Every structure is written in C-alpha cells, then in structure tokens.
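Worksheet: the structure to be examined is printed underneath.
When reading the values below, keep in mind they use all heavy atoms of this one structure, side chains included, and skip hydrogens, waters and symmetry mates. For the single chain, residues carry numbers from 1 onward in sequence order. Keep in mind the model is a prediction, meaning the values are calculated, not measured.
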Amino acid sequence: MLKTRFAVLCLPLLFAACGGGGGGGGGDDGAAPPPSQTSVPVEPCPVGDLATTAAPAINALRSVAQVCGAANFSAVGVLSWDARLAEAARAHSTDMAVNNFFSHTGSNGSTLGSRVTAAGYAWTVVAENLTAGPGDLSAALNGWMNSPGHCQNLMLATVTQVGLACVRRQGSDQTPYWTMVLARP
C-alpha cells in the first residue's frame, strides 16, 4: 500500500491567508541551509524535466476557478519557473530523504524563508507544499489540489514564480520526497 503524507506552509510578508497545517514558522530566521549532501546516495525522481513540465501543469490548475476546502478561488495568473526556488526545493527534499524525516523545518532548524534566501532569492511572499509518496507529478499535484491548505497555496494570487523538486533515497521511510516553493520577489 502506497503511503502518502502532505504538509503545507505559507510565509507571506504581508499576511495572506495560508490555510493548512504543517510545521515551521517565521520568515528568514538566519538558520543556515542544510549542508551539501552530495556524497549521500539520493537521486532525482524519474519524472522528467520538472523545469519544463511543472509550471505548465501548475498553471493549468491555476487557470480555472478552484474550491479549496471551504474557500473558493477565482482563476489566477501564471507562474514562471525559477531555478533558485527549485534549488531550495531540491535541497529541502534532499535533507528530508537523507535524514529520514518529513517537516517544513530542516534537520538543522532551517525554515522555508531561510532556505529560499540562502538560494539567492529575495522574496516578499513565499509558500511551501510538501508531500512524500506520490510517484509522479500528476499524483503529487492531485494530492495537493485535494488538500485545502495545499490547494490554497497553489491558488495564491500573490505568488508569481515556482520551483519544484522530487528526490528519492533507498531506505527512506517516505520516498520520494516532493517540495514545491511558490514565491514572489
């Protein structure tokens, strides 16, 4: 039986509705990003080039009105892919896979805000969706759209860019690990 877990976090500079639970908090708290994990046996998920497939798939969902739990959302603008956000997502997914945990807080105490800042992105709004278990992009997106907090993050009109990563590691309890970062500079 496939076990899937989801978590959601939203850290807007201007207080927008976040929805959903999840761990973590605060913006850029100064915590360092996870150390380089290049010697650890993790690998990208065999899901193709997310830089070319993820934004169009996400934008297709954002292009129509959505109901996220009890909240109704009108269609919202398109997101562009940002490699810095994808790197922050990859680093966090790698950290979770290497250290066998599932949380918005990194193994060293890093937060979403500190990870995105460390990747070189100066953000004003930032949100994060996590999941563990789905084997492909479509399954990850469907799971997020069926979760009110994740769906609300995907439908935030205040974000303009996205980065997404999926990694897997033999022996991790919840592999593969997906991290989506949505932001506005």
Side-chain angles (χ1 to χ4, degrees), residues 4-12 33-64 66 75-98 102 104 106 110-145 147 150-170 172 174-185:
T4 302
R5 293 188 59 193
F6 293 95
V8 61
L9 178 67
C10 179
L11 298 174
S36 174
Q37 306 284 344
T38 56
S39 64
V40 178
V42 294
E43 59 187 19
C45 298
V47 294
D49 181 15
L50 290 175
T52 59
T53 60
I58 293 163
N59 287 329
L61 296 170
R62 289 171 55 91
S63 71
V64 296
Q66 300 285 346
V76 290
V78 299
L79 301 177
S80 62
W81 183 262
D82 187 273
R84 297 163 298 182
L85 297 178
E87 175 55 27
R90 186 208 55 78
H92 191 55
S93 285
T94 298
D95 182 31
M96 290 188 293
V98 167
F102 185 78
H104 289 287
S110 67
T111 65
L112 167 60
S114 66
R115 291 187 297 271
V116 171
T117 299
Y121 191 97
W123 55 272
T124 58
V125 178
V126 64
E128 179 176 74
N129 284 353
L130 305 176
T131 188
D136 60 43
L137 177 61
S138 179
L141 290 175
N142 286 336
W144 283 327
M145 291 307 291
S147 168
H150 296 100
C151 178
Q152 290 172 12
N153 274 354
L154 281 163
M155 295 302 291
L156 283 172
T158 56
V159 297
T160 58
Q161 297 180 307
V162 65
L164 178 69
C166 178
V167 302
R168 62 185 184 173
R169 179 174 182 250
Q170 189 73 17
S172 292
Q174 302 172 52
T175 202
Y177 293 84
W178 293 81
T179 302
M180 174 188 286
V181 180
L182 305 114
R184 181 180 75 209

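Contact check for P41 versus Q170: no side-chain heavy atoms found under the 4.5 Å cut-off. Annotation: side chain of V162 is not in contact with side chain of L85 (no heavy-atom distance under 4.5 Å). Between T131 and S147 there is no side-chain heavy-atom pair separated by less than 4.5 Å. Side-chain atoms of L156 and L182, non-hydrogen and from C-beta on, never get closer than 4.5 Å to each other. Two residues are said to be in side-chain contact when any heavy atoms from C-beta on lie closer than 4.5 Å; M145 and H150 fail this criterion.
Side-chain contact check for T117 and W123: at least one donor-acceptor pair (N or O, by modelled atom type) lies under 3.5 Å. In this structure, a donor-acceptor pair under 3.5 Å is present between the side chains of R184 and T124.
With sequence neighbours excluded, no residue satisfies side chain to side chain contact (heavy atoms under 4.5 Å, CB included) with P56. Taking R168 as the reference, E43 meet the salt bridge (Lys or Arg N to Asp or Glu O under 4.0 Å) condition, with sequence neighbours excluded. A search for side chain to side chain contact (heavy atoms under 4.5 Å, CB included) contacts involving A60 returns nothing, not counting sequence neighbours. The side chain to side chain contact (heavy atoms under 4.5 Å, CB included) check on A83 picks up nothing, with sequence neighbours excluded. In this structure S63 satisfies the side chain to side chain contact (heavy atoms under 4.5 Å, CB included) test with no other residue, sequence neighbours excluded. By the side chain to side chain donor-acceptor pair (under 3.5 Å) test, E87 pairs with R90, sequence neighbours left out.
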Start with the C-alpha distance between I58 and M180, add both sets of side-chain angles, then the distance that settles side-chain contact (heavy atoms from CB on, under 4.5 Å), and finish with yes or no.
CA-CA 11 Å; I58 293 163; M180 174 188 286; 3.4 Å; yes
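Heavy-atom minimum distance, P176 versus P134: CG-O, 3.1 Å. Closest non-hydrogen pair, R115 versus H104, comes out as NH2-O, 2.8 Å. Contact between A127 and L112 at its shortest, heavy atoms only, is C-CD2, 3.6 Å. Of all heavy-atom pairs between V167 and A97, the closest is CG2-CB, 4.0 Å. In plain terms, the two heavy atoms of W144 and L130 that are nearest each other are NE1-O, 3.1 Å. Scanning both residues, A54 and W81, for their nearest heavy atoms gives CB-CZ3, 3.6 Å.
Looking at T179, its side chain never comes within 3.5 Å of a backbone N or O of H92 through a donor-acceptor pair. Of the possible polar contacts, none joining the D82 side chain to the Q161 backbone as a donor-acceptor pair under 3.5 Å is found. Not one N or O on the side chain of D95 forms a donor-acceptor pair closer than 3.5 Å with the backbone of A91.
Using cut-offs of 30° and 60° on the angle between ring planes, the pair F102 and Y177 is tilted.
With rounding to the nearest 0.5 Å, the separation of CG in L164 from CG in L50 is 5.0 Å.
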